[in-house]
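Please read the structure below before turning to the comments.
In listed order, ligands and their atoms are each counted from 1. Fair warning: this is a prediction, and the values are worked out from it, not measured in the lab.
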Amino acid sequence: MNINSILITGGYGFIGSNFIRFLRKKLPNLKIYNLDKLTYAANIENLKDFENDKNYIFVRGDIKDRSILEILYPKVDAIVHFAAETHVDRSIIAPGEFILTEVYGTFTLLETLKKYKNIKLFLHISTDEIYGSIEKGSFPENSPLNPSSPYSASKTGADRLAYSYYKTYELPVIIARPSNNYGPFQHVEKFIPLFITNALDNNPLPLYGKGENMRDWLYVIDNCEALLLLMEKGKIGEAYNIGASNELKNIDIAKMIVSFLEKDESLIEFVEDRKGHDLRYSIDWTKIKNLGWEPKKNFEDGLRETIEWYKTNRQWWEKVKRGEFSNFYKKYYKREIQ
Ligand code: NAD
Ligand code: TDX
């Protein structure tokens, strides 16, 4: 597919900003539009080095605002849609914004797309959480969807809406369903960055329940490679799981983090479990493997590099912790903000 210009939604978030940087390296002449509302989860420092890039255009705006889409759509050949509310704990406390952004936001993007035949691809970023928890085995793409948090339920709505616009209106939709990403620029509300940054400051690491829950950890750059491959070789109308087969219990990751940082395991504090906490996510990613993709990063190396990144970018995360985030989670690092 010949793409000269692209619209990224949510490009100041964790995966979106890594993807923009990755695209710039792979496709130096690509014109990149980044439409981001700049919610609490965004960080404009994530793309500081793009300030003088003439082929990078940031537009502050909401995906629910059709008038902005009408200006941007005629200019681009493809869309990669990351924008979402993404933190499961927040969706349990305040689900409304998740429904609006995931469902109504994705609907607005798709509805506008009907008019613009110049756009050859709408790559929708879904998640492995839409399948729900599985005790044994792994979900292939055609498994029933059984989301269990307001976050994953609203992401399921978005995923199926995207599919329905392919099926009903023949729009060029591809759906990616990655597993848990980790790496640089991830917001400190998420498990791995929260534990690394708390441990660096000798603050407690709040492990939910017994720490037995398992996730499949995918290095963010491996995910970016998979997404680019889907742009090039994915089949319109199809959904693709992107996993890493790095399934680990939270407790084991917590122990790795304290050990790599040479801290004491007594920092790990078992706290009240997340409501409706999914025990295990596991996806079968044979379909994308058959297209020619495989994750490259070994988890231990990826975790060590991520720890190094948070160590050397203390200013980046201290600012975030002092901001709005601190009101939400202050009980976990009282000592730091006093
Ligand atoms: P993030 O929370 O770090 O960033 C989300 C970005 O979207 C922010 O920059 C925010 O400002 C923007 N945004 C939110 N609402 C918006 C709106 N209405 N209009 C425009 N911009 C808006 O998210 P992330 O972790 O980078 O996740 C990106 C995507 O990947 C999401 O769709 C998420 O569901 C999906 N995903 C994430 C993971 C993961 O482990 N992080 C795994 C699988 C799938
Ligand atoms: O303080 C914590 N303590 C803890 O034990 C936090 C924040 C998390 N956890 C546990 C809950 C999960 O079992 O760690 C695991 C990972 O938690 P999160 O980082 O919140 O990720 P998760 O809920 O698995 O969802 C993530 O992966 C899929 C992303 O946030 C989603 O956006 C993505 O779709």
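Within the 3.5 Å criterion, the main-chain N or O of Gly61 finds no donor-acceptor partner in the side chain of Asp36. Of the possible donor and acceptor atoms, one in the side chain of Asn213 sits under 3.5 Å from a partner among the backbone N and O of Asp278. Formation of a donor-acceptor pair under 3.5 Å by the Asp77 side chain with backbone atoms of Ser5 is found in this model. Asn18 contributes a side-chain N or O that, together with a main-chain N or O of Pro184, makes up a donor-acceptor pair within less than 3.5 Å. Looking at Ser133, its side chain does come within 3.5 Å of a backbone N or O of Arg280 through a donor-acceptor pair. Using a distance-only test at 3.5 Å, with no hydrogens or angles considered, no donor-acceptor pair links the side chain of Glu225 to the main chain of Trp293.
Applying the 4.0 Å criterion to heavy atoms of Ile125 picks out, from ligand 1, the atoms 30 (O), 32 (O), 35 (C). Shown in contact with Tyr151 at under 4.0 Å from a heavy atom are these atoms of ligand 2, numbered in order with element: 31 (C), 32 (O), 33 (C), 34 (O). Counting atoms of ligand 1 from 1 in the listed order, those under 4.0 Å from a heavy atom of Asn180 are 40 (O). Close approach to Ala41 involves these atoms of ligand 1, each under 4.0 Å from a residue heavy atom: 2 (O). Shown in contact with Tyr151 at under 4.0 Å from a heavy atom are these atoms of ligand 1, numbered in order with element: 33 (C), 34 (O). Close approach to Asp62 involves these atoms of ligand 1, each under 4.0 Å from a residue heavy atom: 17 (C), 18 (N), 19 (N). Proximity to Thr39 (heavy-atom distance under 4.0 Å) selects the following atoms of ligand 1: 10 (C), 11 (O), 14 (C), 15 (N). Less than 4.0 angstrom separates some heavy atom of Gly61 from each of these atoms of ligand 1: 19 (N), 20 (C).
Contact annotation: for Leu194 versus ligand 2, heavy atoms closer than 4.0 Å belong to the side chain alone. Looking at Lys190 against ligand 2, both its backbone and its side chain come within 4.0 Å, counting heavy atoms. With a 4.0 Å heavy-atom cut-off, ligand 1 is reached by no atom of Tyr40. Of all the heavy atoms of Arg215, the ones lying under 4.0 Å from any atom of ligand 2 belong exclusively to the side chain. If you look at Ile15 next to ligand 1, the close heavy atoms, those under 4.0 Å, come from the backbone and the side chain alike. Counting heavy atoms closer than 4.0 Å to ligand 1, residue Leu38 contributes backbone atoms (N, CA, C, O) but none from C-beta onward. In Asn250, the part holding a heavy atom less than 4.0 Å from any atom of ligand 2 is the side chain. Using a 4.0 Å cut-off between heavy atoms, Lys155 contacts ligand 1 through its side chain alone, with no backbone atom that close. With a 4.0 Å heavy-atom cut-off, ligand 2 is reached by the backbone of Thr86 and by its side chain too.
Of all protein heavy atoms, the one closest to atom 19 (N) of ligand 1 is Ile63 N, 3.0 Å. Protein heavy atom in closest approach to atom 9 (O) of ligand 1: Asp36 OD2, 2.6 Å. Given atom 44 (C) of ligand 1, the protein heavy atom at minimum distance is Ser126 O, 3.1 Å. Nearest to atom 1 (P) of ligand 1 among the protein's heavy atoms is Thr86 OG1, 3.7 Å. Nearest to atom 40 (O) of ligand 1 among the protein's heavy atoms is Asn181 N, 2.8 Å.
Checked against the 6.0 Å centroid criterion, the rings of Phe58 and Tyr33 do not qualify as a close aromatic pair. Taking the six-membered ring for Trp and the full ring otherwise, the centers of Tyr182 and Phe299 sit less than 6.0 Å from each other. A ring-centre distance under 6.0 Å is not found for Phe185 and Phe14. The distance between the ring centers of Trp309 and Trp316 falls below 6.0 angstrom. For His187 and Tyr40, the distance between ring centers is under 6.0 angstrom.
Seen from the ring of Phe260, Arg304 counts as a face-on cation partner, given the 6.0 Å and 45° thresholds.
Remark: ligand 1 and Phe14 share an N or O pair separated by less than 3.5 Å (distance only, no angle test). When only interatomic distances are considered, the shortest N/O to N/O separation between Pro206 and ligand 2 falls below 3.5 Å. The distance criterion of under 3.5 Å between nitrogen or oxygen atoms is not met by Thr127 with respect to ligand 1. An N or O contact shorter than 3.5 Å is missing between Lys190 and ligand 1 by distance. Between Gly13 and ligand 1, a contact under 3.5 Å exists for at least one N or O pair. At under 3.5 Å, not a single nitrogen or oxygen of Gly11, backbone or side chain, sits near a nitrogen or oxygen of ligand 1. Distances between N or O atoms of Phe82 and those of ligand 1 include at least one value under 3.5 Å.
Contact of the Arg215 side chain with the Glu247 side chain is not registered, since no non-hydrogen atoms from C-beta on lie closer than 4.5 Å. The shortest side-chain heavy-atom distance between Glu238 and Ile175 does not fall under the 4.5 Å cut-off. A 4.5 Å side-chain heavy-atom check between Phe195 and Ile253 finds every atom pair outside the cut-off. Contact annotation: the side chain of Leu291 approaches that of Tyr240 to within less than 4.5 Å [non-hydrogen atoms, C-beta and beyond].
No option in Ile288, Thr127, Ile283, Asp159 other than Asp159 meets the side chain to side chain contact (heavy atoms under 4.5 Å, CB included) test with Arg177.
Which of Arg280, His277, Glu212 comes nearest to atom 13 (O) of ligand 2 through a heavy atom is settled by distance: it is His277. For atom 14 (C) of ligand 1, the candidate residues are Pro178, Ala84, Gly10; the nearest heavy-atom contact is made by Ala84. Looking at His81, Lys64, Arg177, Lys37 and measuring to atom 16 (C) of ligand 1, the nearest heavy atom belongs to Lys37.
Asn198 and Lys321 share a donor-acceptor pair across their side chains, judged by distance under 3.5 Å alone.
Ring pair Tyr104/Phe107 is tilted by interplanar angle, where 30° to 60° counts as tilted.
Heavy-atom separations between Ser179 and ligand 1 include at least one value shorter than 4.0 Å. Using 4.0 Å as the threshold, Glu189 has a heavy atom nearer than that to some atom of ligand 2.
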